[in-house]
Every structure is written in structure tokens, then in C-alpha cells.
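Have a look at the structure below before the remarks.
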Amino acid sequence: ALVAAPPGLAQEGDHGEAAAHGEDHEEVSYRHVVSVSGGLAVFTDIGARGGALGLSYAYLLSERWSVGLKVEYADSELERDFIILPGVSFEAAENLELAGGVGVEQARIDEIEEGELHTVDETEALLRLTAAYVFSLGARTALSPEFNADLTSAGVTYVYSLVFSVRL
């Protein structure tokens with residue numbers, strides 16, 4: 001997700017200890033999560049596809065909520081995008097995350113005008129909506145397939161990624 005895997009990883013903490021002591025709420029032992037993502041970006045407005053790489057940080061607010069920041073680069077034969085995206089993530093069901101964020105997208109688009117290639121730089125607001133499913137790999141790691149829809153004034157970009165997360 002935007003900050004993939006934090007809520008799912010947060011729940012794996014000390015459920016057994018909390019239940020043994022009769023506690024209703026568990027304290028999350030690790031609140032920081034760093035994630036690396038890689039996948040495919042589909043630029044619907046120009047009909048191009050390319051790779052996407054991302055790095056994100058999340059801070060766990062509770063078992064189900066986290067806030068974070070994602071930096072991502074997507075590249076195709078016609079467009080190169082760089083985004084910076086603060087957002088929030090919520091675990092809607094066990095291991096199912098929904099996230100949203102509002103950020104900035106800087107795009108470099110190659111256009112052919114009168115037979116000449118020109119590169120146009122654009123900067124615009126971006127709304128990202130995300131859904132992901134968290135597969136735990138251990139006490140501190142997870143792997144999550146995720147689907148992102150990036151909405152801008154220029155169009156929609158879909159990003160399909162696989163995210164590896166580490167809890168710190």
C-alpha cells in the first residue's frame with residue numbers, strides 16, 4: 001500500500017502476551033516500517049507502460065492505522081514520473097490494507113511536435129488510492145502485492161507492485 005504492510009505487521013506483535021494478561025489493547029512494539037516496492041506502471045493517458053520503483057516509511061499509530069511518506073519513480077518509453085506522497089493506511093480486514101494519499105507528481109513527457117521530439121515538464125497534484133494484501137514472512141518482515149490508482153488532472157496511472165517491508 002502507500003506505506004505497505006504496517007498495520008498487518010503491527011498486529012503480529014504480542015497478541016499472546018496481551019491475552020495472557022487479560023489486556024484488551026496491545027502495545028505495538030515496533031512503530032517504524034521501511035518498505036521497498038517494484039512493479040509495473042500503466043500510463044492510461046498516453047497508452048504507455050513502464051517500470052516503477054518506490055521507497056516508503058511508515059509510523060504505526062495503532063494496530064490498524066499508520067501514516068507515512070512514499071517516494072516513487074515510474075518510467076516508460078514516453079513518460080517519466082517522480083512522486084512524493086504523504087498518506088494514511090488502514091487495515092480494513094485481517095491483512096487487507098486500504099490507503100490514500102495526496103502528493104505531488106513531476107512528469108517528463110516526450111512529445112513529437114512537427115516532426116521534432118520535445119520534452120515537457122509538468123508538476124501537478126496527485127491523489128493515490130491503494131489496496132494491498134499483507135503476507136507475513138516473519139516477525140519483522142512482510143511481502144504485499146498492491147494495486148494503486150494515481151489520479152491527476154492529466155489522467156489515471158495504475159501501478160501494480162510487490163512490496164517488501166521491514167519493521168524497525
Side-chain angles (χ1 to χ4, degrees), residues 1-12 30-61 64-110 119-152 154-168:
L2 165 72
V3 285
L9 284 173
Q11 288 190 351
E12 292 175 13
Y30 303 101
R31 293 210 175 267
H32 306 278
V33 178
V34 176
S35 301
V36 177
S37 63
L40 174 70
V42 179
F43 302 90
T44 60
D45 57 326
I46 60 173
R49 295 179 182 173
L53 294 172
L55 179 65
S56 62
Y57 165 79
Y59 180 78
L60 306 176
L61 298 173
R64 296 191 177 270
W65 290 94
S66 64
V67 294
L69 180 69
K70 184 164 195 164
V71 177
E72 187 174 272
Y73 176 76
D75 189 10
S76 76
E77 63 275 359
L78 299 175
E79 183 172 340
R80 290 155 309 281
D81 289 355
F82 180 76
I83 67 167
I84 298 175
L85 188 70
V88 63
S89 178
F90 174 70
E91 184 179 26
E94 187 172 345
N95 298 332
L96 176 65
E97 288 187 21
L98 302 176
V102 176
V104 176
E105 173 187 56
Q106 182 180 26
R108 295 192 103 180
I109 303 169
D110 293 336
T119 300
V120 178
D121 291 328
E122 297 176 354
T123 301
E124 56 191 355
L126 168 88
L127 170 65
R128 173 171 277 191
L129 304 173
T130 300
Y133 191 84
V134 180
F135 293 98
S136 176
L137 299 177
R140 293 186 183 202
T141 58
L143 195 61
S144 307
E146 73 176 18
F147 171 73
N148 301 291
D150 293 346
L151 310 169
T152 65
V156 178
T157 300
Y158 297 118
V159 182
Y160 307 92
S161 296
L162 193 56
V163 181
F164 177 74
S165 300
V166 177
R167 205 166 53 157
L168 307 172

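Every value quoted in this text rests on a predicted model; they were computed, and no experiment measured them. When a residue number appears, it is its place in the shown sequence, counting from 1.
- Side-chain contact between Leu168 and Val34: present, with at least one pair of heavy atoms (C-beta onward) separated by less than 4.5 Å.
- A distance of 13.5 Å separates CZ in Phe135 from OG1 in Thr141, rounded to the nearest 0.5 Å.
- Nearest heavy atom pair, residue Glu94 against residue Tyr133, reads O-CE1, 3.9 Å.
- Taking Val156 as the reference, Thr44, Leu151, Tyr158 meet the side chain to side chain contact (heavy atoms under 4.5 Å, CB included) condition, with sequence neighbours excluded.
- In terms of modelled atom types and a separation under 3.5 Å, the side chain of Arg49 and the main chain of Val42 share no donor-acceptor contact.
- In this structure Val120 satisfies the side chain to side chain contact (heavy atoms under 4.5 Å, CB included) test together with Glu111, Glu122, sequence neighbours excluded.
- For the pair Arg128 and Glu72, the salt-bridge criterion is met [side-chain N within less than 4.0 Å of a carboxylate O].
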Leu61 vs Val67, test: side-chain contact (heavy atoms from CB on, under 4.5 Å). Steps then yes/no. CA-CA 7 Å; Leu61 298 173; Val67 294; 3.7 Å; yes
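- By the side-chain hydrogen bond (donor to acceptor under 3.5 Å, both in side chains) test, Gln106 pairs with no residue at all, sequence neighbours left out.
- Each of Leu162, Leu55, Val163 was compared with Val36 under the side chain to side chain contact (heavy atoms under 4.5 Å, CB included) criterion, and only Leu55 meets it.
- Interatomic distance, Leu96 CG to Glu91 CD, rounded to the nearest 0.5 Å: 8.0 Å.
- In this structure, the side chain to side chain contact (heavy atoms under 4.5 Å, CB included) partners of Thr119, at least two apart in sequence or on a different chain, are Arg80, Arg108, Asp110, Asp121.
- Under the 4.5 Å side-chain criterion, counting only non-hydrogen atoms from C-beta, Val159 is not in contact with Leu40.
- Of all heavy-atom pairs between Leu85 and Val102, the closest is CD1-C, 3.6 Å.
- Under a 3.5 Å cut-off, the side chain of Arg167 and the backbone N or O of Ala139 do form a donor-acceptor pair.
- Between atom OH of residue Tyr57 and atom CG of residue Leu69 there is a gap of 10.5 Å, rounded to the nearest 0.5 Å.
- For the atom pair OG1 (Thr130) and CG (Asn148), the distance works out to 3.5 Å, reported to the nearest 0.5 Å.
- Evaluation of the side-chain hydrogen bond (donor to acceptor under 3.5 Å, both in side chains) rule for Ser76 yields no partner, not counting sequence neighbours.
- Side-chain contact of Ser35 with Ser165: a donor-acceptor pair under 3.5 Å is present, judged by distance alone.
- Under the 3.5 Å distance criterion, the side-chain polar atoms of Ser136 are matched with a main-chain donor or acceptor of Gly138.
- Counting only distance, with no hydrogens or angles, the side chain of Thr152 and the backbone of Ala154 share a donor-acceptor pair below 3.5 Å.
- When side chains are defined from C-beta on, Leu60 does not count as touching Trp65, because their heavy atoms never get closer than 4.5 Å.
- With contacts defined as side-chain heavy-atom distances shorter than 4.5 Å, the pair Phe82/Val71 qualifies.
- With sequence neighbours left out, Ala92 forms a side chain to side chain contact (heavy atoms under 4.5 Å, CB included) with Phe90, Leu98.
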Assess the residue pair Ser89 and Glu97 against the criterion (side chain to side chain donor-acceptor pair (under 3.5 Å)); give the C-alpha distance rounded to whole Å, side-chain angles, the decisive distance to 0.1 Å, and a yes or no.
CA-CA 7 Å; Ser89 178; Glu97 288 187 21; 3.2 Å; yes
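- At a threshold of 4.5 Å between non-hydrogen side-chain atoms, the residues Lys70 and Ser37 count as touching.
- With sequence neighbours excluded, no residue satisfies salt bridge (Lys or Arg N to Asp or Glu O under 4.0 Å) with Glu105.
- Residues satisfying the salt bridge (Lys or Arg N to Asp or Glu O under 4.0 Å) criterion with Asp81, sequence neighbours excluded, are absent altogether.
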